[in-house]
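Keep in mind that what you see is a predicted model, and the values were worked out from it rather than measured. Below, read A as the first sequence line, B as the second, and so on, with proteins coming before strands; counting in each chain starts at 1. Hydrogens, waters and symmetry mates play no part in the numbers below; they use all other heavy atoms, side chains included.
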Protein chains: 2
Amino acid sequence: MAVDRRKLIVEAATKSFSLFGFKATTMEQVAKIANVGKGTIYTFFKTKEELFDEIINRLIKEMKQAAEEVINPSFSFYENVHRALYRILEFRLEHQLTIKLFQEEKEMGTPAVMEVMVKLEQAILNYIKDKIVVAIDKGEIQPCDPEITSFVMLKLYIALIFDWEKNHEPLEKEEIAELLEKYIFEGLSK
Amino acid sequence: MAVDRRKLIVEAATKSFSLFGFKATTMEQVAKIANVGKGTIYTFFKTKEELFDEIINRLIKEMKQAAEEVINPSFSFYENVHRALYRILEFRLEHQLTIKLFQEEKEMGTPAVMEVMVKLEQAILNYIKDKIVVAIDKGEIQPCDPEITSFVMLKLYIALIFDWEKNHEPLEKEEIAELLEKYIFEGLSK
DNA sequence: AACATGACCAATTGAACAAAACGGTCAAAC
DNA sequence: GTTTGACCGTTTTGTTCAATTGGTCATGTT
């Protein structure tokens with residue numbers, strides 16, 4: 001085995017999806033970039049979607065890894081949630097692939113992309129949910145529904161990072177951390 | 001003046017926008033429903049967009065009125081915010097026009113509709129913001145940025161009412177009130 | 001024998017053109 | 001003065017058809 005053809009294909013597809021999106025990437029182009037015949041792709045992946053799915057699963061793994069890297073057990077729960085969520089959402093702004101897919105989802109509504117973005121969001125939600133379950137067990141936060149809480153946290157973050165920018169000056173990372181603390185962890189009541 | 005032609009036109013347009021949306025409503029159709037000539041519409045409104053705008057301004061007024069009706073000074077601030085926001089968002093589910101426009105915004109992205117929906121959201125935000133400013137003055141809640149707080153509240157409500165339903169059983173009105181209280185007014189910290 | 005390949009296929013897409021429908025105007029009718 | 005619908009330039013929609021696509025498989029290569 002001179003070269004790992006499977007790896008070549010996945011790398012080529014990642015490159016092309018990142019550059020042109022899912023729909024505008026043709027299997028012939030992937031084959032050409034990977035320097036393999038088109039038929040070879042189909043010995044490893046049944047369909048274009050399956051190839052796409054493999055790449056997304058890798059992306060999810062990478063995001064989890066990136067999140068784990070900024071988490072520090074000596075920090076408080078909310079500090080860690082903030083750091084993890086912020087890091088995960090930074091991905092969207094840093095990685096060509098997520099930028100392109102986010103754009104394709106909004107502008108073209110490509111079904112395969114829509115599906116995959118749901119999967120990605122679900123992965124993030126599950127990740128946060130697990131953290132919340134642990135925090136409740138440890139008594140770091142009040143008991144609450146982890147499903148709803150992770151949902152609320154993610155929506156709040158997306159709103160503060162992406163939606164807020166549409167009409168206002170972007171918020172600093174520290175401001176967002178303060179807001180999370182203020183709203184979710186302290187509350188506004190007197 | 002046997003009949004108020006302007007009123008007839010606005011009523012006809014409201015009916016048609018509610019039934020078919022903005023794009024699929026033609027000025028000829030509005031004229032036919034209103035029993036006036038097409039040219040008559042243009043003696044009152046310069047463009048189709050201007051007619052649309054008038055209708056939206058009426059809608060905003062109606063929403064404010066509906067919100068005011070459920071507010072009760074003897075209730076707490078957060079209870080009133082909940083009632084007002086819930087009532088406003090109920091509009092989307094009750095009124096044909098808002099349902100149709102919400103759908104047209106998402107599915108077709110008609111520019112004039114997008115614009116108007118931003119205006120509608122802005123009106124809601126300003127309404128909540130005013131309530132927050134008063135509440136801070138009265139010392140009912142901690143000092144906070146009213147702009148961000150109203151933004152967070154609305155996004156949280158939209159997430160809990162509309163987004164949550166996409167993957168879960170809808171939340172009851174009381175559950176949403178509890179969640180708002182838990183997250184925004186108490187916090188999760190121990 | 002095992003694997004890799006690109007010519008090939010049915011299905012989908014999109015460019016190009018024609019026809020219909022549209023928002024808006026205005027001279028005529030009332 | 002007010003109302004109107006035939007009319008206009010533009011945009012949207014429907015249609016056609018050639019090019020492209022995802023996927024297969026008989027053939028070639030090692």
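Between B:Arg92 and B:Met63, the closest side-chain pair of non-hydrogen atoms is not below 4.5 Å. In this structure the side chain of A:Glu50 never reaches within 4.5 angstrom of the side chain of A:Phe44, judged on heavy atoms. Residues B:Ile161 and B:Tyr86 are in side-chain contact: their nearest non-hydrogen atoms beyond the backbone lie under 4.5 Å apart. Between A:Val10 and A:Phe45 the shortest side-chain heavy-atom distance falls below 4.5 Å.
Within residues 9-22 of chain B, no residue has any heavy atom closer than 4.0 Å to DNA chain D. Contacts between residues 32-45 of chain A and DNA chain C, defined by a heavy-atom separation below 4.0 Å, involve A:Val36, A:Gly37, A:Lys38, A:Gly39, A:Thr40, listed by number.
Annotation for B:Glu104 and B:Gly21: closest pair OE1-CA, 3.2 Å, computed over non-hydrogen atoms.
In this structure, B:Glu62 does not pair ionically with B:Arg58, as no charged nitrogen and carboxylate oxygen lie closer than 4.0 Å.
Closest to the side chain of A:Lys23, from the set C:dG24, C:dG14, D:dG23, is C:dG14. Among D:dT4, C:dG23, C:dT5, the nucleotide with an atom closest to any side-chain atom of A:Arg5 is C:dT5.
Rounded to whole Å, atom P of C:dG23 lies 10 Å from atom CD of B:Glu49. As rounded to whole Å, 12 Å separates atom C1' of C:dT5 from atom CD of A:Glu28. Following rounding to the nearest Å, A:Lys48 (NZ) and D:dT24 (P) show an atom-to-atom distance of 15 Å. Remark: P of C:dG24 and CE of B:Met27 are 6 Å apart, rounded to the nearest angstrom.
A cation-pi arrangement is absent between A:Arg83 and A:Phe75, since the terminal nitrogen or guanidinium carbon is not both under 6.0 Å from the aromatic centre and inside a 45° cone about the axis.
With B:Ser150 as the partner, the side-chain contact (heavy atoms from CB on, under 4.5 Å) test is satisfied by one option alone out of B:Ile132, B:Val81, B:Asp145: B:Ile132.
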